[in-house]
Amino acid sequence: MAMNALLDGLNPEQRAAVTTTDGPLLVIAGAGSGKTRVIVHRMAYLLDQGLARPEQILAVTFTNKAALEMKTRVHQLLPPSRRYGELLVATFHSFCVRVLRRHLDRFGGSYTRDFTIYDTDDQGRLIKACLKELQIDEKQFPPRMIQYAISRAKNQGETPETMAPASDPKRDAIIKTFRLYETRLAAANALDFDDLLLLTVRLLRRFPDVADAYQDRFRYILIDEYQDTNPPQFNLVRLLTQRHQNLCVVGDPDQSIYRFRAADIRNILEFERHYPRAKTIVLAQNYRSTKVILQAANAVIRHNRARREKQLTTQNAIGEPIRGLIAPTAEAEADLVVEALLQWQRQRSHLPEAETRAAILYRTNAQSRLFEEACRRRGVPYVLVGGFSFYQRAEIKDALAYLRLLLNPHDDAAFERIINVPARGIGKATLEIITARAARDGLSRWTAMEQVLAEGALNPRAATALAGFAGLIRDLQARLEGAPLAALVSAVVNRSGYLEMLAQEGTLEAESRRQNLEELVTAATEADERGASLREFLDQAALVSDTDDLVDNARVTLMTIHSAKGLEFPLVFVVGLEEGLFPHARVVDDAEELEEERRLFYVAITRARHQLYLTQAQRRRVYGEERITDPSRFLEEVPEQIVQFDGALPSSGGITRSPLSYGASYGAPAGPSAAKPSVEPARSQPATGTAEGFRLGDRVEHATYGAGQVVRVADGKLDIAFPGKGIKRFVAAAAPLTRLPRR
DNA sequence: CCTGACCGGATTTTT
DNA sequence: TCCGGTCAGG
């Protein structure tokens with residue numbers, strides 16, 4: 001009976017994916033094919049059929065938010081009598097934290113179950129400290145580059161030892177920093193994001209009894225977004241499924257967009273090789289989008305060579321044509337988008353609100369500002385996802401750093417963060433002494449501080465300040481036992497003088513930061529109500545993701561395309577479709593990266609249910625300088641018969657007037673071109689300056705680089721953009737360039 | 001030790 | 001443009 005309800009409304013493929021429960025199963029799920037639904041129903045089915053008890057199922061999702069939603073939906077599917085026990089639905093990282101909080105001390109050494117989690121920020125601080133200690137020049141080897149290289153190496157299973165010996169200086173710098181970084185992490189009893197996965201894998205490998213217990217327990221394992229798993233995640237899955245082999249992975253190779261995070265698309269492409277008994281089911285029926293949108297998506301993704309062909313089909317309506325908007329400037333683009341959005345929502349105001357939700361999707365977070373401003377100008381309420389989420393704000397991280405230090409005084413990242421915040425007279429010189437001592441004796445900052453204090457070698461002023469800080473932390477530590485979290489957080493922000501500091505600033509911004517801290521106290525109160533410990537509170541804060549604070553009923557959502565993965569909206573704007581921005585300039589000369597970028601575009605398109613807008617700004621400020629843009633190559637990959645352009649198409653030069661085409665009122669830039677109505681194609685924009693006869697927008701020919709376009713004229717210098725080769729700067733008077741006829 | 005002025009370099013995406 | 005780092009002066 002219950003089973004019928006569970007399988008009702010599923011198509012044959014989906015049904016098979018739900019009920020094929022013996023052995024490995026690969027579900028290739030196209031965009032909008034009801035993937036989440038399949039996972040939810042599969043879990044409910046396993047429980048309902050008595051194939052597993054709740055604690056025997058592990059489901060892994062990409063975000064905490066997805067996990068929560070999935071859990072809720074499973075319970076909704078089940079009759080009340082079946083709703084027992086705890087279903088484990090988690091992200092890889094939160095699952096690993098669970099395991100490590102139980103077993104990490106098995107390793108012995110400095111690692112204990114009380115470890116601290118270092119986020120990207122903490123990691124960056126530590127890398128910088130290491131560079132300094134090693135006297136490696138930050139200019140020559142940017143900390144971010146080193147950080148990225150180390151993370152990459154770790155995810156590929158490398159250690160400083162396997163990487164040595166180094167041949168070139170860069171690699172040498174990386175390896176040296178890597179080695180010191182790992183030492184310092186261990187000394188601080190800290191784990192970075194990568195460690196969470198790596199150490200869990202190592203733990204299961206090293207201690208068969210632990211592995212045994214988990215392998216035995218998880219009879220059924222489900223992994224969502226499997227195309228985005230990286231090597232440690234793959235290894236973890238392998239380890240966990242050794243016994244029962246009831247692994248179900250769901251994903252879409254065409255939506256693999258996390259290569260930079262070491263995700264390996266081969267994990268899904270070669271699943272059948274990794275699990276020879278595997279069955280494969282393809283969900284190619286799309287329930288989300290109109291035929292037009294799907295046609296665009298199929299056409300775009302077919303340009304990728306490295307893929308397994310899969311055509312999505314839908315029985316949905318043909319739908320409205322895709323709309324293309326070309327705006328003269330990025331500001332105008334934002335205005336046009338918001339205008340179009342309002343008009344669309346107005347036309348559908350008779351529909352339920354859920355049917356009028358819209359998303360503005362961009363490639364980079366930096367683009368969000370323009371759209372926020374445009375929304376504010378029109379009084380449109382919006383929700384911004386990502387960028388600076390609550391737990392990333394400086395004041396929140398400061399408060400959390402205090403809390404971290406209470407639990408683990410050897411947490412160097414936290415120590416450094418707050419030792420002089422608010423300012424308490426502990427300056428660079430004092431800090432240097434502590435740092436030097438810590439480095440010399442391999443101590444944590446905290447222990448080094450205690451030693452330095454005990455020796456009485458500091459000048460009196462510094463000593464007093466330092467002792468005051470140490471006293472403050474010990475005082476707060478004394479309140480740890482038994483006190484509610486909310487009271488503890490309050491004590492931290494009060495006793496540390498943090499609130500007073502904000503009060504004295506008296507600015508609007510300080511006031512908003514004070515309110516954020518108040519909100520943190522509220523969050524702590526809620527954690528108290530859940531019965532959470534400080535440890536759990538901090539873990540959760542470290543592992544929240546951008547999309548976790550997503551608001552489901554927001555009528556307008558702004559976010560990066562990466563954040564939009566797994567979501568859908570009736571109306572979607574994909575903005576900034578310009579060469580160098582999307583696809584991003586950093587990828588255009590790497591074929592594989594470019595294909596990933598195209599998959600990103602594919603993800604963006606397939607978020608749309610009813611209406612899709614693709615937009616471009618003809619000019620955009622980059623580093624505070626106006627640049628002329630080329631339309632994204634991806635735009636040309638969308639079949640032109642299904643796109644309706646408003647405004648001028650650069651390639652055709654034609655002008656289609658419509659209610660949405662822009663007029664002189666939009667973003668007229670300052671300077672000579674200001675008065676000119678901007679309805680002309682980019683190629684004939686008036687120049688904003690001249691040098692040796694070249695004008696902004698001119699097409700030119702260079703002997704080695706080929707054809708290019710003038711994107712900047714200033715100081716007697718010319719910037720020329722060469723497609724695929726980047727922007728080169730020339731001295732205008734001596735530039736070996738010939739002008740090409742205008743198109 | 002702290003503040004403010006100045007300069008130079010940077011923007012990809014995130015658990 | 002904006003942010004972070006450096007340096008001089010209080």
Novice: Find the distance A/Tyr258:OH to B/dT14:P and express it as a whole number of Å.
Specialist: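 Whole-Å distance recorded here is 6 Å.
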
Novice: Without decimals, in angstroms, what is the distance between A/Arg599 CZ and B/dT13 C1'?
Specialist: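 Interatomic distance, CZ of A/Arg599 to C1' of B/dT13: 13 Å.
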
Novice: So A/Phe92, base contact, sugar-phosphate only, or nothing? Heavy-atom distance under 4.0 Å.
Specialist: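 Counting heavy atoms under 4.0 Å across all strands, no contact is made by A/Phe92.
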
Novice: To the nearest Å, give me how far apart CG (A/Leu466) and P (B/dC1) are.
Specialist: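 From A/Leu466 CG to B/dC1 P: 11 Å.
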
Novice: OP1 or OP2 of B/dC1 less than 4.0 angstrom from a side-chain nitrogen or oxygen of A/Asn459, does that happen here?
Specialist: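 For A/Asn459, the contact criterion (side-chain N or O under 4.0 Å from OP1 or OP2 of B/dC1) is not met.
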
Novice: I'd like to check the salt bridge (charged side-chain N to carboxylate O under 4.0 Å, His left out) partners of A/Arg535; sequence neighbours left out, ordered by chain and number.
Specialist: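 Only A/Asp114 meet the salt bridge (charged side-chain N to carboxylate O under 4.0 Å, His left out) criterion with A/Arg535.
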
Novice: According to a strict under-4.0 Å criterion, is A/Ser563 in side-chain N/O contact with OP1 or OP2 of B/dT13?
Specialist: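 The answer is no; no side-chain N or O of A/Ser563 sits under 4.0 Å from OP1 or OP2.
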
Novice: What about A/Tyr226 and A/Phe62, are their ring centers closer than 6.0 Å?
Specialist: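 Centroid separation for A/Tyr226 and A/Phe62: 6.0 Å or greater.
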
Novice: Here's a test for you: under side-chain hydrogen bond (donor to acceptor under 3.5 Å, both in side chains), which of A/Arg633, A/His584, A/Arg259, A/Arg363 qualifies with A/Glu597?
Specialist: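 Answer after filtering A/Arg633, A/His584, A/Arg259, A/Arg363: A/Arg363.
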
Novice: Looking at every strand, decide which applies to A/Asp119 at a 4.0 Å heavy-atom threshold: base, sugar-phosphate, or nothing.
Specialist: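 Result for A/Asp119 = nothing.
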
Novice: Given side chains that start at C-beta, do those of A/Phe573 and A/Leu614 come closer than 4.5 Å, heavy atoms only?
Specialist: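 A side-chain contact is absent here, since even the closest heavy-atom pair is not under 4.5 Å.
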
Novice: Tabulate protein N/O versus nucleotide N/O from nucleotides 3-11 of chain B, keeping only pairs under 3.5 Å, one per line.
Specialist:
unit_1, atom_1, unit_2, atom_2, d
B/dT11, O3', A/Arg586, NH1, 3.4

Novice: Among A/Ile433, A/Ile426, A/Leu431, exactly one meets side chain to side chain contact (heavy atoms under 4.5 Å, CB included) together with A/Leu466. Which residue is that?
Specialist: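 The side chain to side chain contact (heavy atoms under 4.5 Å, CB included) with A/Leu466 is passed solely by A/Ile426 among A/Ile433, A/Ile426, A/Leu431.
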
Novice: I want to confirm an ordering. Mapping A/Asp194 and A/Ala462 to their closest nucleotides on DNA chain B, which one lands closer to the 5' end?
Specialist: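 Looking at the nearest nucleotide for each, A/Ala462 comes out on the 5' side.
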
Novice: Taking salt bridge (charged side-chain N to carboxylate O under 4.0 Å, His left out) as the definition, give me every residue that meets it alongside A/Arg417, ordered by chain and number, with sequence neighbours left out.
Specialist: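 A/Arg417: salt bridge (charged side-chain N to carboxylate O under 4.0 Å, His left out) contacts with A/Asp121, A/Asp398.
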
Novice: If you check every side-chain atom of A/Thr120, which of B/dT15, B/dC1, B/dT14 has the closest atom?
Specialist: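 From the listed options, B/dT15 comes nearest.
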
Novice: Starting at atom CD1 of A/Ile265, determine the distance to atom P of B/dT13, rounded to an integer number of angstrom.
Specialist: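 After rounding, the reported distance stands at 21 Å.
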
Novice: What are the bounds, 5' to 3', of the part of DNA chain C that sits under 4.0 Å from heavy atoms of chain A?
Specialist: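 Terminal contacting nucleotides, 5' to 3': C/dT1 to C/dG5.
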
Novice: Which value, in whole Å, describes the distance between the P atoms of nucleotides C/dG4 and B/dT13?
Specialist: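 Looking at atom P only, C/dG4 and B/dT13 are 15 Å apart.
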
Novice: Can you name the residues that form a salt bridge (charged side-chain N to carboxylate O under 4.0 Å, His left out) with A/Arg98, not counting sequence neighbours?
Specialist: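 Result, salt bridge (charged side-chain N to carboxylate O under 4.0 Å, His left out) vs A/Arg98: none returned.
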
Novice: For the side chain of A/Thr560, counting heavy atoms from C-beta on, which of B/dT15, B/dT12, B/dT14 is nearest?
Specialist: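 Closest nucleotide to the A/Thr560 side chain: B/dT14.
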
Novice: Using heavy-atom distances to pick each residue's nearest nucleotide on DNA chain B, tell me which of A/Ser94 and A/Gly427 is more 5'.
Specialist: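 So the residue in question is A/Gly427.
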
Novice: At less than 4.0 Å, is any side-chain N or O atom of A/Asn365 found next to OP1 or OP2 of B/dT12? Yes or no.
Specialist: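 False: A/Asn365 side-chain N/O out of range (4.0 Å or more) of B/dT12 OP1/OP2.
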
Novice: For A/Met559 and B/dT14, what is the distance between atoms CE and P respectively, to the nearest whole Å?
Specialist: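 Those two atoms, CE and P, are 11 Å apart.
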
Novice: Considering every strand and a 4.0 Å limit on heavy-atom distances, what is the contact class for A/Ala585: base, sugar-phosphate, or nothing?
Specialist: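 Nothing, no nucleic acid heavy atom in range.
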
Novice: Round to a whole Å and report the spacing from CZ of A/Phe193 to P of B/dT14.
Specialist: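 From A/Phe193 CZ to B/dT14 P: 13 Å.
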
Novice: Would you say the side-chain atoms of A/Glu593 pair up with the backbone N or O of A/Asp589, donor to acceptor, closer than 3.5 Å?
Specialist: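 Pair absent, no side-chain N/O of A/Glu593 close to backbone of A/Asp589.
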
Novice: Hey, what's the ring geometry for A/Phe634 with A/Phe601, parallel, tilted or perpendicular (30° and 60° as the breaks)?
Specialist: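 Geometry flag for A/Phe601 against A/Phe634: parallel rings.
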
Novice: So, does A/Thr430 get its side chain near the phosphate of B/dC1, meaning an N or O under 4.0 Å from OP1 or OP2?
Specialist: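 Yes, because at least one side-chain N or O of A/Thr430 sits under 4.0 Å from OP1 or OP2 of B/dC1.
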
Novice: Applying salt bridge (charged side-chain N to carboxylate O under 4.0 Å, His left out), can you list everything that pairs with A/Arg586, at least two apart in sequence or on another chain?
Specialist: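 Once residues adjacent in sequence are excluded, A/Arg586 has no partner under the salt bridge (charged side-chain N to carboxylate O under 4.0 Å, His left out) criterion.
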
Novice: Does a side-chain N-to-carboxylate-O contact under 4.0 Å join A/Asp119 and A/Lys397?
Specialist: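 Salt bridge between A/Asp119 and A/Lys397, a charged N being under 4.0 Å from a carboxylate O: yes.
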
Novice: Taking 5.5 Å and 30° as the limits, would you call A/Phe260 and the base of B/dT13 a stacked pair?
Specialist: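 A/Phe260 vs B/dT13: stacking yes.
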
Novice: Without decimals, in angstroms, what is the distance between A/Arg261 CZ and B/dT12 C1'?
Specialist: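 That distance rounds to 14 Å.
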
Novice: Between atom CD1 in A/Ile419 and atom C1' in B/dC1, what is the gap in whole Å?
Specialist: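 One finds 14 Å between C1' of B/dC1 and CD1 of A/Ile419, rounded.
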
